[in-house]
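Quick caveat: nothing in here was measured; it's all calculated off a predicted structure. In the text below, chain A, chain B and the rest are named by the order of the sequence lines, each starting its count at 1.
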Protein chains: 2
Amino acid sequence: MKRLTLKDIAKALNLSVPTISKALSDSHEINKETKEKIVAYSHEHNYQYNALARSLKTGKTNIIGVIVSTISNSFFSQILEGIEESSLFQQYNIIIMQSRENPAIEKKCIDILYSKGVDGILISPVSDRANLNYLEQLHHSDCPIVIFDRINNSVNTFKIGIDNKKAAKRATQELIDRNYRNILHITGLANGVTNERLTGFQEALKQNKIIFDETLLLRCDLSQIQIVEQQILSKLKELEKEQHRPDAIFTATDLLTNRTIGLLAQQKIKIPEQIALIGFSNTNYAFSFNPPLTCVSQPAKNIGKLAFEKMIYILECRLKKREIVYETIELDADITIRESI
Amino acid sequence: MKRLTLKDIAKALNLSVPTISKALSDSHEINKETKEKIVAYSHEHNYQYNALARSLKTGKTNIIGVIVSTISNSFFSQILEGIEESSLFQQYNIIIMQSRENPAIEKKCIDILYSKGVDGILISPVSDRANLNYLEQLHHSDCPIVIFDRINNSVNTFKIGIDNKKAAKRATQELIDRNYRNILHITGLANGVTNERLTGFQEALKQNKIIFDETLLLRCDLSQIQIVEQQILSKLKELEKEQHRPDAIFTATDLLTNRTIGLLAQQKIKIPEQIALIGFSNTNYAFSFNPPLTCVSQPAKNIGKLAFEKMIYILECRLKKREIVYETIELDADITIRESI
DNA sequence: CTGTTAGCGCATTCAG
DNA sequence: CTGAATGCGCTAACAG
């Protein structure tokens, strides 16, 4: 069984191709009875229009490309769910690609999406530099870009994320309010998001007249889980040895929070009695942790939803030749108090 | 800046469109120097071929469609990661869609993917019936199908999943070996996968001469999380009241495992001292749970990888007009022993 | 109301 | 080695 085309239907019903096309798009130009005949036939034979041909003709694919670093990261998968949900609603589809924290792969993803003729690209960029010029250039030609999550850059478009500094500051303040003073901050290697969180952490300390202690800062290489665990463990041991055990830990990413809680359990260090823990975490599992985790969770699904909606807005404006005023939207992250601090 | 086409390049270099086309695909027909000139120009101006036009011409999109029920479910997001990884390797791209456990949406997803001209579809079908005839029909025409995860159906194609009965039987046996006898099985409403797990559970009981007790079976409506929690709670209370508290729980899905562990903590029921717990769980977080969770975890990423590879195999065979012998591959699920039983 | 013509961008004949 | 002609399936402009 080969794929049915307008031509096939036209031949079968002794009509012309454009007539079929118009009938199926419910044009008022077509006689009611012929229309019904055509619709009936095409339903019966399960006609599906060829989106490639249509897009080639119309210049519109109704596909939005999405680039994240890792699909299975729960933060991103929640964003993706938000995007997918909105896209369904708007008759759009999405192509998802993974940049794997690698600028070269990211470039390739962008190129592929562009060659597929996506109507726009939603992206959480790998780095603060790398492909940003390229994205800017695309955005100002025929492929609009909306940036989410990692919004600390100069691209002139819509950017949706959270106020990381503020969220980190609040989390730190929660610890300080409970009289924790020696707070170990565990974060990733330099990148926009974690840097902002570090700043928030430091500001909270300063505001409370606590002097920032370099030894209470650990930067982990997040690319390999074993290295992360090893780094955290040796930091804990180092501090232990110097009789400088922190009374609380603030972890800057989901992964770090997760591993830290597991490692503390393994070392039989009781949370929060011996060390308190607050962290960024976007899993639904935080309440099942040991103990139930107090955490900062980002409105991930909503970030996805907003990013998608802004894209649609751009596409509409361009269609109607309307001026666009870009904004950067920083949503608030929730702090959920449970039992770990 | 408008998109560059072959025509633009041809005009700029005073050559014809076919010459450019051939040069860029590195055809031996083209003179080395002209080729270099063309390649240089197209690089400099960042030419990206129009995949729509190419696909329309060649009849191949190099896109594989993937349909899962929910992207953010960690089991599926791991499968997706496996698929994406393999697809990158093979120069394919994937379009991911969510069926949301709804046959009507599933049908729509299939139609959209077909209309986009995907070269094939990987799917974890919503139900054991619903769209299976349709899938079978597509598979035998021009859009091959590979089924993963929910493979308990009669479609004649490659099917990749795990042996659910076997895995459930092993998990149950682990409990029995530790002398738990009153085991509560919490599962979803009827579907292929959970039914098989139930069968495995019952077989293990039978083999150990334990009589299956209807009151120790709870079927939850997984579509709403609140309902799930309420159902579990009232079951626990009911059993409590009848002085029939189970000594162990076996949960059949990731979601159920997660909520159960949280609820038990909330009710101050100690695991495993008061009730032991083993469950299907595909999160990386199991070891951070309260207590670290003994669980059955499926080789999700590998399921995705295999499903994709089988699809490529089908496409190759069809191209070379080779006979295909379909198989159903049931991978083994690992049981990781931690501290909850 | 229906049909004719044209062209989206590309790859694939086949001439020259 | 290069170019002219053709068509993938569809829609849009126009003619009848």
Side-chain angles (χ1 to χ4, degrees), chain A residues 2-39 41-42 45-63 111-112 114-119 142-143 319, chain B residues 2-39 41-42 45-63 111-112 114-119 142-143 319:
Chain A
K2 278 232 6 175
R3 191 188 183 105
L4 204 65
T5 69
L6 293 186
K7 208 195 211 167
D8 299 325
I9 303 180
K11 203 182 292 174
L13 299 180
N14 246 318
L15 291 162
S16 77
V17 171
T19 304
I20 313 294
S21 170
K22 287 174 195 161
L24 290 180
S25 61
D26 202 24
S27 158
H28 57 272
E29 285 184 46
I30 305 293
N31 179 308
K32 198 178 155 217
E33 281 154 35
T34 25
K35 205 188 277 184
E36 277 167 6
K37 196 169 61 179
I38 293 170
V39 169
Y41 185 93
S42 65
H45 293 75
N46 193 37
Y47 169 75
Q48 290 295 332
Y49 70 90
N50 182 323
L52 294 173
R54 181 183 288 179
S55 296
L56 184 59
K57 180 68 189 172
T58 60
K60 201 166 178 321
T61 54
N62 275 40
I63 299 179
D111 283 345
I112 290 172
Y114 185 59
S115 82
K116 300 268 181 211
V118 295
D119 294 340
D142 54 355
C143 180
L319 204 65
Chain B
K2 276 232 7 173
R3 188 188 187 106
L4 205 64
T5 69
L6 293 186
K7 207 191 205 168
D8 301 324
I9 303 180
K11 204 181 289 173
L13 299 180
N14 245 318
L15 290 163
S16 76
V17 170
T19 304
I20 312 294
S21 170
K22 286 173 195 166
L24 291 178
S25 61
D26 201 26
S27 159
H28 57 272
E29 285 183 47
I30 306 293
N31 179 309
K32 199 177 155 216
E33 281 153 36
T34 26
K35 206 188 274 182
E36 278 168 4
K37 196 169 65 179
I38 292 170
V39 170
Y41 184 93
S42 65
H45 294 74
N46 193 37
Y47 169 75
Q48 290 295 334
Y49 69 87
N50 182 323
L52 295 173
R54 182 183 286 179
S55 295
L56 185 58
K57 181 68 190 169
T58 61
K60 203 168 176 323
T61 54
N62 274 40
I63 298 179
D111 284 343
I112 290 172
Y114 186 60
S115 81
K116 300 268 181 212
V118 295
D119 294 342
D142 54 355
C143 180
L319 204 65

Taking only distance into account, with no hydrogens and no angle test, what donor-acceptor pairs under 3.5 Å do side-chain atoms of residues 47-54 of chain A form with protein atoms, sequence neighbours excluded?
residue: A:Gln48; atom: NE2; partner: B:Asp111; partner atom: OD1; Å: 3.2
residue: A:Asn50; atom: OD1; partner: A:Leu52; partner atom: N; Å: 2.8
residue: A:Asn50; atom: OD1; partner: A:Ala53; partner atom: N; Å: 3.1

Just to be sure I understand the rule, does [X] reach a base, reach only the sugar-phosphate, or reach nothing, if contact means heavy atoms closer than 4.0 Å?
X       : result
B:Thr5  : sugar-phosphate
B:Lys7  : sugar-phosphate
A:Leu15 : sugar-phosphate
A:Val17 : base
B:Ser55 : nothing

Taking [atom1] from [X] and [atom2] from [N], how many angstroms apart are they, rounded to a whole number?
X       : N      : atom1 : atom2 : result
B:Asp8  : C:dC8  : CG    : P     : 11 Å
A:His28 : C:dT2  : NE2   : C1'   : 13 Å
A:Ile20 : C:dC1  : CD1   : P     : 16 Å
B:Lys11 : C:dG9  : NZ    : P     : 11 Å
B:Leu6  : C:dC8  : CG    : C1'   : 13 Å
A:Leu52 : C:dC10 : CG    : P     : 14 Å
B:Tyr49 : C:dA11 : OH    : P     : 9 Å
A:Leu56 : C:dC8  : CG    : P     : 9 Å

DNA chain D: 5'-most and 3'-most nucleotides touching chain B, 4.0 angstrom heavy-atom criterion: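 Under 4.0 Å from chain B, the extent on DNA chain D is D:dC1 to D:dG9.
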Would you tell me if any nitrogen or oxygen in the side chain of [X] comes within less than 4.0 Å of OP1 or OP2 on [N]?
X       : N      : result
B:Ser21 : C:dC10 : no
A:Ser16 : C:dG3  : yes
A:Thr34 : C:dT2  : yes

So do the side chains of [X] and [Y] get within less than 4.5 Å of each other, counting heavy atoms only?
X        : Y       : result
A:Lys116 : B:Ile63 : yes
B:Leu4   : B:Asn46 : no
B:Lys37  : B:Tyr41 : no
A:Leu24  : A:Leu6  : yes
B:His28  : B:Ile30 : no
B:Ile38  : B:Leu15 : yes

Of B:Lys35 and B:Thr58, the one whose closest DNA chain D nucleotide lies more 5':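 By nearest-heavy-atom nucleotide position, the 5'-most residue is B:Lys35.
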Toward the 5' end of DNA chain D, by each residue's nearest nucleotide, B:Pro18 or B:Ala53: B:Pro18
Quiz item: A:Lys57 side-chain donor-acceptor pair to C:dG9 base, under 3.5 Å: no
Minimum heavy-atom distance between B:Lys60 and B:Asn62, given as atom pair plus value: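 In this case the closest contact between B:Lys60 and B:Asn62 is NZ-OD1, 2.8 Å.
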